[in-house]
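In what follows, every chain begins at residue 1, and chains take the letters A, B, ... in the order their sequences are listed.
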Amino acid sequence: MKYNIPRGTFDILPKDSYKWQYLADSFRKIASRFGYEEITTPIFEMAELFERSSGESSDVVQKEMYRFNDRKDRTFALRPEGTAPVVRSYVENHLDVLSSRTKLFYIGPMFRYDRPQAGRYRQFYQYGIEFIGSNNPYYDAEVIAIEMLWLIELGLNNVRLEINSVGCASCAADYEAALRDFYRPNLDKLCPDCQKRFELKPKRLLDCKVPSCKAFREGAPSQLNYLDEACKEHFSLVRASLDAMGIAYTVNPAIVRGLDYYTNTAFEVIYDGLGAQNSLAGGGRYNGLIEQIGGKSIPAIGFAGGFERLLLALEQEGASLGSRSVPDAYLVCLGDKARSGIMPYLNALRSKGLFVDYDPDKSSLKAQFKAADNSGARFAIIVGDSELEAGKINLKNLQSGEQQTLPLDGGEAAMQAINR
RNA sequence: GUGGGUGUAGUUCAAUGGCAGAGCACCGGAUUGUGGUUCCGGGCGUUGUGGGUUCGAGUCCCAUCACCCACCCCA
């Protein structure tokens, strides 16, 4: 074989396509029930958009972004995430003047150069929600509710919602300073990764899995104790809204988002049973991002989830994912005259909306019936030279074996019999 | 980027260093006029790829690629 699919990517083959369509359709429906509308942005953007928004020090920017230069030597990147492009579009198209609030969702591929693993690919498909235009804690709860209600609708019950607040920029800075103070005496005893974390992202120290590092975590300060009054108030109102909506959650102060633009609410939806990549969706508030990208200071919140992991989880739970479409009828022909003479009828059935399959290369009756069975067709339409001459067709129900003779009309009779 | 495991037919898997096989799937046939069952027939595949050891390699060694798992990261 000469050509292989690029590492970390996958083909969605016909036998699975319907599942992806089912998920996308289903997400579109739930999002629209909350008033969210679809936005589609390009697969690539200026690299700087992601560098500025996600943060220069983030792993995404440092080592996972697919960057390339075009012929005029401008640097672009395949999008590694969906929020920055949506915000870019929001600012660029002045969506803020159309309404005080903007409700958007998106579906599409994202790209990150990473070692492939179960539930982790280099091209992966995300769905996401972005609410722009209010700091009201109700909206934090609303976007979370979309995800949680959707998962329940899909048939996924064993998920956990974990929430946290990382505060505003000044709370976060205070907290980082406190964390560094706390770890500094033991800095040389931490694992090499943690020594890097100490410099770049102290919050990450809290979820290191190395046992020796875990020990030093005892008594570490919690972000929640470093929230200022406004952030504390906001977080408690978010929790109250979730309570009022009957959405269960646990507060996990260790939840840290990987991208720098998050403020206040951060949350993650976890499904145990996916191995290491157990996060189905995650998101949070990003009150400073729009201004950072060149817009006004407008608060916003959103989240994104991955279809691959969701699909794995749903299959594990045995949830229904729709089904592959099967023909309404399979045309079985006998004789050359019948084959050519039946074409107008075949076309008529199809233009009336029936899914009719036919294979002119199958000659024997046996082979045609076998193909009809394999296709899953409910009916066979059987036509030989004599039927054609008499202006009739035979319609056979392949489950019951019952057969009836119908007129060779414009397809009306068969249509009626099949849809009954 | 780091570590471990696995690569044989479309697929699931066999094959003591000695002739590369089976189930399933697929295709054809058993009086072109009625299917699902049954019966018969149909497989020389670069044993992932490239080297090496050996009289002889699917099997042992090295490299490489891919996949899986974990670290890491994240959705």
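For A:Ser386 against B:G33, a side-chain N or O and a base N or O form a donor-acceptor pair under 3.5 Å. For a distance-only test at 3.5 Å, the side chain of A:Arg120 qualifies as a donor-acceptor partner of the base of B:C72. No hydrogens or angles were tested; on distance alone, nothing pairs the side chain of A:Lys370 with the base of B:G36 as donor and acceptor under 3.5 Å. For A:Glu387 against B:G33, a side-chain-to-base donor-acceptor contact under 3.5 Å is present.
Note on A:Asn374: every side-chain N or O is 4.0 Å or more away from OP1 and OP2 of B:G35. Distances shown here put a side-chain N or O of A:Arg7 below 4.0 Å from the OP1 or OP2 atom of B:C67. Phosphate contact (OP1/OP2 of B:C73, side-chain N/O of A:Arg197, threshold under 4.0 Å): present.
Considering only residues two or more places apart in sequence or on other chains, A:Tyr330 meets the ring-ring contact (aromatic ring centres under 6.0 Å, His included) condition with none of them.
Nearest-nucleotide mapping onto RNA chain B: of A:Asp114 and A:Gln368, the residue sitting toward the 5' end is A:Gln368.
In RNA chain B, runs of at least 3 consecutive Watson-Crick or G-U pairs, each pair with both distances below 3.5 Å, span B:1-7 with B:65-71, B:10-13 with B:21-24, B:26-30 with B:38-42, B:48-52 with B:60-64.
Taking the six-membered ring for Trp and the full ring otherwise, A:Phe198 and A:Tyr183 have centroids separated by 6.0 Å or more.
Both tests do not hold together for A:Arg160 against A:Tyr271: distance to the six-membered ring centre under 6.0 Å, angle to the ring axis within 45°.
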